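Below is one structure, written out as structure tokens, with a few remarks after it.
What you see is a predicted model; the values in this text were computed from it and never measured. The basis for the numbers below is simple: all heavy atoms, side chains too, and nothing from hydrogens, waters or symmetry mates.
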Amino acid sequence: MTRPPEDQPDDIAIRTEIDVLAAERVIFFSDAVVAIAITLLALALPVPHGGSNSEILRSMSRDINAYIAFLISFVVVGSHWRWHHRVFKYVARLDERIIGLNMIWLLMVVVTPFAARLLAGKGGFGVRFGFYAVVQIIAFLVFVQMNRLLRQRGLLRLEPPEAHQINVRLLTLAGMFAKIGRASCRERV
């Protein structure tokens, strides 16, 4: 009696290879989207103008909020990518739920350049920072959920050595953004 085709060792190896390649495509896509988000951050930077060193420096000082928002957002997007890299390098395959959560996470990464430009604006800092904070909180919480589901559903080749610590750190960062965002929204500017 012959075994059904899905139980053949060659078919199992092929299915495993297909799962790994599909997961790698999602990872490469995610890396590209993060790179684009960082590029968008840089493209939004105001170019200083003036005909002398002092005019250029004055121009830069007028846009200091934009430069600070860029630096903060570069670090934030870079850390989002680092967390993604730390977990997804262990992925063997993905399911539709993880892919959907990854898309929500990518949406938050892509919205970050807009949130940075909003943050750099004048007046209403509480609302501006509140929006920025909500974007980051959603990104962190969605990532924690992805990390949890990857482990629960057996989608990893190996358990990341620091899987639990990653969730604790991300939840701490989400809590910090929530606390600062709430405090900034209460202030009258």
_For a quick test of reading the model, state the closest non-hydrogen atom pair linking Phe74 to Leu41 and the distance between them._
N-CD1, 3.7 Å
_Do Leu158 and Trp83 land in one hydrophobic cluster if side-chain heavy atoms of ILVMFWY residues count as linked below 4.5 Å?_
yes
*For Arg86, what residues pass the salt bridge (charged side-chain N to carboxylate O under 4.0 Å, His left out) criterion, not counting sequence neighbours?*
Glu162
*About how many Å separate CZ of Arg128 and NZ of Lys122, when rounded to the nearest 0.5 Å?*
9.0 Å
*Could you state whether Val87 and Val168 fall into the same hydrophobic cluster, counting links through intermediate Ile, Leu, Val, Met, Phe, Trp or Tyr residues with side-chain heavy atoms under 4.5 angstrom apart?*
no
*Decide ring pair (Phe, Tyr, Trp, His ring centres under 6.0 Å) for Phe114 and Phe131; before the verdict, give the C-alpha distance in whole Å, the side-chain angles of both, and the deciding distance to 0.1 Å.*
CA-CA 10 Å; Phe114 168 75; Phe131 179 80; 5.8 Å; yes
*According to a 4.5 Å side-chain heavy-atom criterion applied to Ile, Leu, Val, Met, Phe, Trp and Tyr, with indirect links allowed, do Phe29 and Leu40 form part of one hydrophobic cluster?*
no
*Does any N or O in the side chain of Arg157 come within less than 3.5 Å of the main-chain N or O of Val91, such that one atom is a donor and the other an acceptor?*
yes
_I need the Met103 CE to Ser30 OG distance, nearest 0.5 Å._
8.0 Å
*For Val127, which residues count as a side chain to side chain contact (heavy atoms under 4.5 Å, CB included) partner, sequence neighbours excluded?*
none
*Atom CG of Asn65 and atom CZ of Phe70: how far apart are they, to the nearest 0.5 Å?*
15.0 Å
*When rounded to the nearest 0.5 angstrom, what distance separates CG in Leu101 from CD in Gln145?*
6.0 Å
*May I have the step-by-step check of side chain to side chain contact (heavy atoms under 4.5 Å, CB included) for Phe88 and Asn147, ending in yes or no?*
CA-CA 9 Å; Phe88 276 69; Asn147 190 22; over 6 Å; no
*Side chains of Gln152 and Arg148: do they bring a donor and an acceptor to under 3.5 Å?*
yes
*Which heavy atom of Pro161 sits nearest a heavy atom of Gln165, and at what distance?*
O-OE1, 3.9 Å
_Tell me whether Glu55 contacts the main-chain N or O of Gly51 through its side chain, where contact means a donor paired with an acceptor under 3.5 Å._
yes
*Only counting residues at least two apart or in another chain, list the ones meeting ring pair (Phe, Tyr, Trp, His ring centres under 6.0 Å) with Phe129.*
Phe125
*asked:* Please find the pair of heavy atoms, one from Ala120 and one from Ala69, that lie closest to each other, and give the distance.
replied: CB-CB, 4.0 Å
*Report yes or no: do Ile180 and Ile68 belong to one cluster of Ile/Leu/Val/Met/Phe/Trp/Tyr joined by side chain heavy-atom distances under 4.5 Å?*
yes
*Just one of Asp63, Ile64, Ile56 clears the side chain to side chain contact (heavy atoms under 4.5 Å, CB included) bar with Met60, so which one?*
Ile56
*For the atom pair CZ (Arg117) and CG (Leu43), what is the distance rounded to the nearest 0.5 Å?*
9.5 Å
*asked:* Quick one, Ile36 and Val110 - any side-chain contact, counting heavy atoms below 4.5 Å?
replied: no
*Where do Leu141 and Ala174 come nearest, in terms of heavy atoms and distance?*
CD2-CB, 4.3 Å
*asked:* So does Pro46 get a backbone contact from the side chain of Tyr67, meaning a donor-acceptor N/O pair under 3.5 Å?
replied: yes
*Heavy atoms from other residues, nucleotides or ligands near NZ of Lys179 exceed 12 (cutoff 6.0 Å)*: no
_For a side chain to side chain contact (heavy atoms under 4.5 Å, CB included) check, start with the C-alpha distance between Val142 and Met108, then their side-chain angles and the critical distance, and finish with the verdict._
CA-CA 10 Å; Val142 167; Met108 295 304 107; 5.9 Å; no
*Going by atom types alone, do Ser73 and Tyr132 pair a side-chain donor with an acceptor below 3.5 Å?*
yes
_Euclidean distance, Leu170 CG relative to Gln136 CD, rounded to 0.5 Å_ = 11.5 Å
*asked:* Given Trp105, which partner from the list Val33, Val34, Ile138 fulfils the side chain to side chain contact (heavy atoms under 4.5 Å, CB included) test?
replied: Val34
*Flag side-chain contact, heavy atom, 4.5 Å: Tyr90 against Leu150*: no
*Are the side chain of Ser59 and the backbone N or O of His49 linked by a donor-acceptor pair below 3.5 Å?*
yes
*Please assess His84 against Asn102 for the test side chain to side chain donor-acceptor pair (under 3.5 Å), listing each intermediate value before the final yes or no.*
CA-CA 10 Å; His84 196 272; Asn102 194 65; 2.9 Å; yes
